[in-house]
Q: 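So that we are looking at the same thing, I have put the structure below in structure tokens.
First the proteins, then the strands, lettered A, B, ... as listed; each starts at 1.
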Number of protein chains: 2
Amino acid sequence: MTGSGSAGGTVVTVDVVLLTLRAGRLSVLLTRDDDRVRGSDWRLPGGPVRPGEDLEDPGEDLEDTARAALEATGVAAAGHLEQLRTYGHPGRDPDRRAVSVAYLALLPNLPRPRGDGRDGVAARWWPVEDLIPRPGNDPAGSPDAPALALDHDEIVGDGVERARAKLEYSPLAAAFVDEPFTLADLRRVYEAAWGAPLDPPNFRRKVLSTAGFVVPVGARAAPRGGGRPAELYRRGEATALHPPLLRRTV
Amino acid sequence: MTGSGSAGGTVVTVDVVLLTLRAGRLSVLLTRDDDRVRGSDWRLPGGPVRPGEDLEDPGEDLEDTARAALEATGVAAAGHLEQLRTYGHPGRDPDRRAVSVAYLALLPNLPRPRGDGRDGVAARWWPVEDLIPRPGNDPAGSPDAPALALDHDEIVGDGVERARAKLEYSPLAAAFVDEPFTLADLRRVYEAAWGAPLDPPNFRRKVLSTAGFVVPVGARAAPRGGGRPAELYRRGEATALHPPLLRRTV
DNA sequence: CCAAAAGTGTTATGTGTACACCCATGA
DNA sequence: TCATGGGTGTACACATAACACTTTTGG
């Protein structure tokens, strides 16, 4: 009996699917707790929601728990965070009845995880294409793809699908890039998430014609080895894209 | 201390936003428990998730709990059911720490709720436009709009918004009508949900050009007081609409 | 014959897509 | 001056929106 849960009760936990773009590939952060026997499995960052002791102490909010889990990984405290789905199948955790509220977090490029082996906690980025095979593309996941704890592979899959879908009708792609960014940066987010190239001229017109998606900064990026320097932008105030930026052949 | 929850623990509950079309108006089912002091508030059907006693009894699945709550209202056991969102703010229930997994259910026309006062349980349909004021349209909800328990007004609002949005890119409208149905029946679902008329000829073309949305039955409806009888259809196999059926001026 | 609802046709307008072409920079 | 990537122009295919018109029923 390795679990800390109490039989007969329900433990509410939070798990965070933290996505970013690393080297042009959509990647998810996984952690591993080396202390435990079951620690050979990689898992999503997260943990139990503090329920509160009595009426004076109402306990912790779900989103606060999610953000704390995000901070504990050492990569960031800010960034886009939204609720994904709740997983409550009775058999999903063999040790206890655990209901997990999953969150989806999106962050700009390249934060390096804390505790790369220290503290008995390991954390690293995994390209999602190594974890969830895409239809027709991947043989059967990467050969060194890790086994995920519990139903965390399903949660990752749902998070990635949500992110891919939301790129179509929300300005969420801008959450993946640092400000200021170029339209090519933004385009590469779509290309990495959807796995297909987009036509740069048409992408530019689409984005600029959507009010509030991006705001020009009025400066140009430093050119890097040939090519005209690109204009710089920051995130706009829009919360939805009308009309949506549809991926083709869905 | 009227609650049945235990201080120091967390109770996981399920609440169901059950929507249907009644007299051309999008309506939600609310219940009232007359036994309790707090019973003056109307609330969504639902209840606690059975956690399970031990390892032999793993407890009840969230979706099973939602469907049981749906059955308990006496309107139906079948129909579309999907997870909506989870509400876990510490102060949402003053009596206990309650995390509620909300579900969205869609049903065809006109089921009559069981227990219209008997069993100490009342249930009735409320037009959603009386509960949640639409921008610019309603003054401030209906004069006899009920106060909803806890954060159930927020949950109803989220459920209605989800339903309205999903009509655009999913064949979910067909869940609101009994089979077989006419295209006018289907069009009235959109008109009721979006509060705006649609052009019948264009709507017809849109629906019929979307593969798998509806399937012709090969019969005509009985005419009712003038007008050409309409062709009948049943639900198709499609799970998404490409391209979407967008509401205008969003 | 008239009203009403279903269904078809037609056209203007807009949007997506493909691709030719020009611009600005480093080597 | 060439390669490279950013940015503009444009033509065609297709989707949407508006509405005239035909069909089929009941009164």
Q: Report yes if some heavy atom in the side chain of Thr31(A) is under 4.5 Å from a heavy atom in the side chain of Arg43(A); otherwise report no.
A: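 The answer is yes, as the side chains (C-beta and beyond) meet within the 4.5 Å cut-off.
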Q: First and last nucleotide of DNA chain C touching chain A, 5' to 3', heavy-atom cut-off 4.0 Å?
A: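 Answer, 5' to 3': dG16(C) to dG26(C).
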Q: Measure up the Tyr169(B) and Tyr169(A) rings against each other and bin them: parallel (under 30°), tilted (30 to 60°), perpendicular (over 60°).
A: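 Answer is parallel, since the angle falls under 30°.
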Q: If an axis is fit to five pairs at each end of the helix from dC1(C)-dG27(D) to dA27(C)-dT1(D), what is the angle between the two, to the nearest 10°?
A: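 For the helix from dC1(C)-dG27(D) to dA27(C)-dT1(D), the axes at either end differ by 10°.
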Q: Has Glu168(A) got a side-chain atom pairing as donor or acceptor with Arg247(A)'s backbone, closer than 3.5 angstrom?
A: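 Yes; judged by distance alone, with no hydrogens or angles, the pair exists.
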Q: Quick one: on DNA chain D, does Thr182(A) or Gly227(B) contact a more 5' nucleotide (nearest heavy atom)?
A: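 It is Thr182(A), whose closest nucleotide lies nearer the 5' terminus.
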Q: What is the separation between atom CZ on Arg187(A) and atom P on dG6(D), rounded to the nearest whole Å?
A: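 Answer to the nearest Å: 6 Å.
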Q: Return whichever of Pro229(B) or Tyr233(A) has its heavy-atom-nearest nucleotide of DNA chain D closer to the 5' end.
A: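 Upstream on the strand: Tyr233(A).
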Q: Report all side-chain donor-acceptor pairs from residues 197-208 of chain B shorter than 3.5 Å, counting only partners two or more places apart or in another chain.
A:
residue   : atom : partner   : partner atom : Å
Asp199(B) : OD2  : Asn202(B) : N            : 3.1
Asp199(B) : OD2  : Asn202(B) : ND2          : 3.0
Asn202(B) : OD1  : Arg205(B) : NH2          : 2.9
Lys206(B) : NZ   : Pro244(B) : O            : 2.9

Q: Which whole-number value in Å describes the distance from Phe203(B) CZ to dC19(D) C1'?
A: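 Distance check: Phe203(B) CZ to dC19(D) C1' gives 19 Å.
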Q: Would you jot down, in residue-number order, the residues of residues 204-222 of chain B having a non-hydrogen atom under 4.0 Å from DNA chain C?
A: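 Close to the strand are Arg204(B), Arg205(B).
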Q: Taking atom types as modelled and ignoring hydrogens, do the side chains of His80(B) and Glu82(B) form a donor-acceptor contact shorter than 3.5 angstrom?
A: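 The criterion, which ignores hydrogens and geometry beyond distance, is satisfied for Glu82(B) and His80(B).
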Q: If you define the side chain from C-beta out and look only at heavy atoms, does anything of Leu131(A) sit under 4.5 Å from Trp126(A)?
A: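 Side chain of Leu131(A) against side chain of Trp126(A), heavy atoms only: contact under 4.5 Å found.
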Q: With the criterion being N/O to N/O and under 3.5 Å, what pairs connect the protein with nucleotides 20-23 of chain D, and how long is each?
A:
residue : atom : partner   : partner atom : Å
dT23(D) : O2   : Arg228(B) : NH1          : 3.4

Q: Calculate, to the nearest 0.5 Å, the distance between atoms CZ and OG belonging to Arg124(B) and Ser27(B) respectively.
A: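 Result: 9.0 Å between the selected atoms.
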Q: Regarding Tyr87(B) and Asp158(B), is there a side-chain donor-to-acceptor distance under 3.5 Å anywhere?
A: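 Their side chains do contain a donor-acceptor pair, which is all the 3.5 Å distance test asks for.
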Q: To the nearest angstrom, how far is Asp199(A) atom CG from dG9(D) atom C1'?
A: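 Result: 13 Å.
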Q: Ignoring hydrogens and geometry, is there a side-chain-to-backbone donor-acceptor pair from Thr20(A) to Pro108(A) under 3.5 Å?
A: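 Confirmed, Thr20(A) side chain pairs with Pro108(A) backbone.
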Q: Could you tell me how far apart Glu231(B) (CD) and dT24(D) (P) are, to the nearest whole angstrom?
A: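 Atom-to-atom, Glu231(B) to dT24(D), this comes out as 11 Å.
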Q: If you compare all heavy atoms of Val14(B) against all heavy atoms of Leu62(B), which two are closest, and at what distance to 0.1 Å?
A: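 Looking at all heavy atoms of both residues, the shortest contact is CG2-O, 3.9 Å.
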Q: For the backbone of Arg85(B) and the side chain of Gln83(A), can you confirm whether one donor and one acceptor N or O come within less than 3.5 Å of each other?
A: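 No, the answer is negative, given that no donor and acceptor are paired below the 3.5 Å cut-off.
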Q: Which is more 5' along DNA chain C, the nucleotide nearest Asp185(B) or the one nearest Leu246(A)? Just name the residue.
A: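 Going by which nucleotide is closer to the 5' end, it is Asp185(B).
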Q: Could you name each residue pair satisfying salt bridge (charged side-chain N to carboxylate O under 4.0 Å, His left out) that touches residues 181-198 of chain B, not counting sequence neighbours?
A: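 Residue pairs with at least one partner in residues 181-198 of chain B: Asp185(B)-Arg188(B), Arg187(B)-Glu191(B).
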Q: Using the six-membered ring of Tyr233(B), assess whether NZ or CZ of Arg235(B) lies under 6.0 Å from its centre and within 45 degrees of the ring axis.
A: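 Relative to the ring axis of Tyr233(B), which defines the angle, Arg235(B) lies outside at least one limit.
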